[in-house]
Amino acid sequence: MLLAADLLSANVGLIVWWGLVFLALLLLLRRYAWGPITSALTEREETIASSLNRAEAALEESKRLQGSNAQARRENELQAQRLLREAREEAQQLREREVLRTREEISALRNQAQEDIARDKEKALQALRSEVADLAILAAEKVLQENLDGSRQRVLVDRFIDDLSAQKHNQFPYQA
Amino acid sequence: MDPQALAYLGAGLGTGLVAIGTGLGIGRLAGPAMEGTARQPEATNDIRTSMIIAAALIEGVALFGLVISFILAFK
Amino acid sequence: MQSARRLLCLWCMLGFLAPTTVMAADDDEFDAVHHTADGYYLDFSPIGKIELPRIFIIRSEVTGYSLRTYWTTRSALRSGEMHASLHSEEVEEDTHVEAEQDTEALIASGDHLGATLVPNDGEVVLDLSMTRHLMFALLASGILLTIFLQLAEKYKRGIGRTSAPQGLFQNLFETLVIFVRDDIAIPNLGRDKYQRYLPYLLTAFFFILTCNLLGLVPYGATATSNLNITAVLAAFTFVLTQVNGSRDHWRHVFWPPGMPVLVKFLLIPTEIMGLFIKPIALAIRLFANLTAGHLVILSLIGMIFTFTQLFGEAVGYGVVPISLGFTLFVMCLEILIAFIQAYIFTILSALFIGMAIADHSHSEAH
């Protein structure tokens, strides 16, 4: 019966002691333990939060940079392609012009050559004609020395040769 | 009848009644809490916290009864 | 790890059994309440008991107020300045044990520790004697100071301030501190006001937790199963609540808004009662939870002795495994309760303080 009193009875001395001790404990812990601990925790959390924010910002920035880089690269590529295309077109045009000019030159050369040939042929024909004439005259002279005087014979031969050239000019073997 | 025996009897009956009340109370509390947890598993932590607080309040009332029983039994 | 835990459990149980067994052997009866109650000694039976210092403030007509200190109850009795008074319901008057030989006989029987000491001249104004629960509360305070001052030192050195926490202790207690801050203080007190009350909540939480767990240690006693100690804790909450109460808090107590005048007069006494009932409930809840838990454990062990007395030794031995199984279960429950009660006390304190300091608008429904 003594014991029940122990369980529920008030013990003023204990209350006094414990009130003082708990107050002291509270103040000591608040000053020397909870203060540093909670401030350290808050500080760490702020550090973590701010570093997260910074990392986020850096990521954003790098993404932005990467995006602009990609854009620049795309533009550069486009430009390069354009340049290439232009160069190719120019080269094409240049080549076509060159080909045209070469062709023209070739045809001009050919024409000139043909003209030269024609002229030479004419010249040769002229020379041949006079040569033939001379030969014929000589031959005729030889013939006529027997029966005719020279001048009348010569006229006859020239006429003959003119006729000959007018008739057979095209079949003349000296054409190539 | 011996008053002390009556006190013991009262204490025992009181404790039993307190147990019935508390059992009903905490049962009524825990059942819907479980249902809520099953329906919304993402709210489990909130439900558990408020369940523990409410259970402690119910238990507190029960323990008052128990203290009275102590007093009766050890008088 | 598993086996180490098992061993620890077994050791705890044996620790509980050792004093109780000896007790039963001594008196041939078993009283669970005796073990849960406070006392003026530390019980290390079967090794022995350590008597605690007795301190009295005494007022006598001859010498006025005086402080008397004795190292032990025994020495207080032997000094001849005090005598034991054994209260008894059956015998109306105090049984005074005054004769020298009677005192020695009382000391020999060990009952002097349960007796009330009365000075031969004058009366005790205040009994400031050390008690078992006070010693364990002091032990818990010492443990708290040791752990948290070291921890604070670690944080001051920068470990955990700028780097991650290191080691078991720092990680463990940091988790608990953050739990109290983020799950107890901030939700109930608000983000801008919690810092003022956080030290109290942390101290209360860790003190209650330490005391609760100390009660589960062999030869330990639970300081929180003492109503006086829980009352002091609740009184701190009460004082913090009332001192920091906002205008709204007091208006709600003395002139509840939004009510007819007649109802207001009915409500005022209820509200005033509510002010006191909240901390009283806080104190009794903690006390009763811890006391009940220990009583259950001790009663389960006591079953062995009860059955032995009632049905003989064979039945007694047969009850042992059942009794120990239940005891183990309740012990595990007690560990859970140790945490839950620390949490409940702290969160309800935070809730009461938070309700008192809140500046809520009057349109809010109640």
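The only option from F169(C), Y155(C), F205(C), F173(C) that meets the ring-ring contact (aromatic ring centres under 6.0 Å, His included) definition with F148(C) turns out to be F173(C).
Residue contact with chain A, scored on non-hydrogen atoms closer than 4.5 Å, involves the side chain of L126(C) exclusively. Contacts between A231(C) and chain A at a heavy-atom distance below 4.5 Å are absent for every atom of the residue. Contact of V12(A) with chain C is made through backbone and side chain together, with heavy-atom distances under 4.5 Å. Heavy-atom distances place the side chain of I55(C), and not its backbone, under 4.5 Å from chain A. Of the two parts of T291(C), only the side chain, counted from C-beta on, holds a non-hydrogen atom closer than 4.5 Å to a non-hydrogen atom of chain A. Of the atoms belonging to F56(C), not a single heavy atom falls under 4.5 Å from chain A. Looking at I57(C), there are no atoms closer than 4.5 Å to chain A (heavy atoms on both sides), in backbone or side chain.
With chain C as partner, the option from W34(A), W17(A), F22(A), Y32(A) having the largest number of non-hydrogen pairs under 4.5 angstrom is W34(A). When the candidates T42(A), L27(A), I48(A), L41(A) are compared by the number of heavy-atom contacts under 4.5 Å with chain C, L41(A) comes out ahead. With chain A as partner, the option from K156(C), E174(C), M130(C), H133(C) having the largest number of non-hydrogen pairs under 4.5 angstrom is E174(C). Annotation: maximal heavy-atom pairing with chain A below 4.5 Å, among L227(C), L202(C), L145(C), occurs at L202(C).
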Applying side-chain hydrogen bond (donor to acceptor under 3.5 Å, both in side chains) to T237(C) and S349(C), what does each step give before you reach the verdict? CA-CA 6 Å; T237(C) 300; S349(C) 295; 3.0 Å; yes
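Nearest heavy-atom pair, S225(C) versus L290(C), reported as atom, atom and distance to 0.1 Å: CB-CB, 3.8 Å. Closest non-hydrogen pair, V132(A) versus I161(A), comes out as CG1-CD1, 4.0 Å.
Between the side chains of T222(C) and H294(C), at least one donor N or O lies within less than 3.5 Å of an accepting N or O. With no hydrogens or angles considered, no side-chain donor-acceptor pair links N226(C) and R132(C) at under 3.5 Å.
Under the 6.0 Å distance and 45° angle rule, R54(C) counts as a cation-pi partner of Y40(C).
Between F207(C) and W18(A), the ring center distance clears the sub-6.0 Å criterion.
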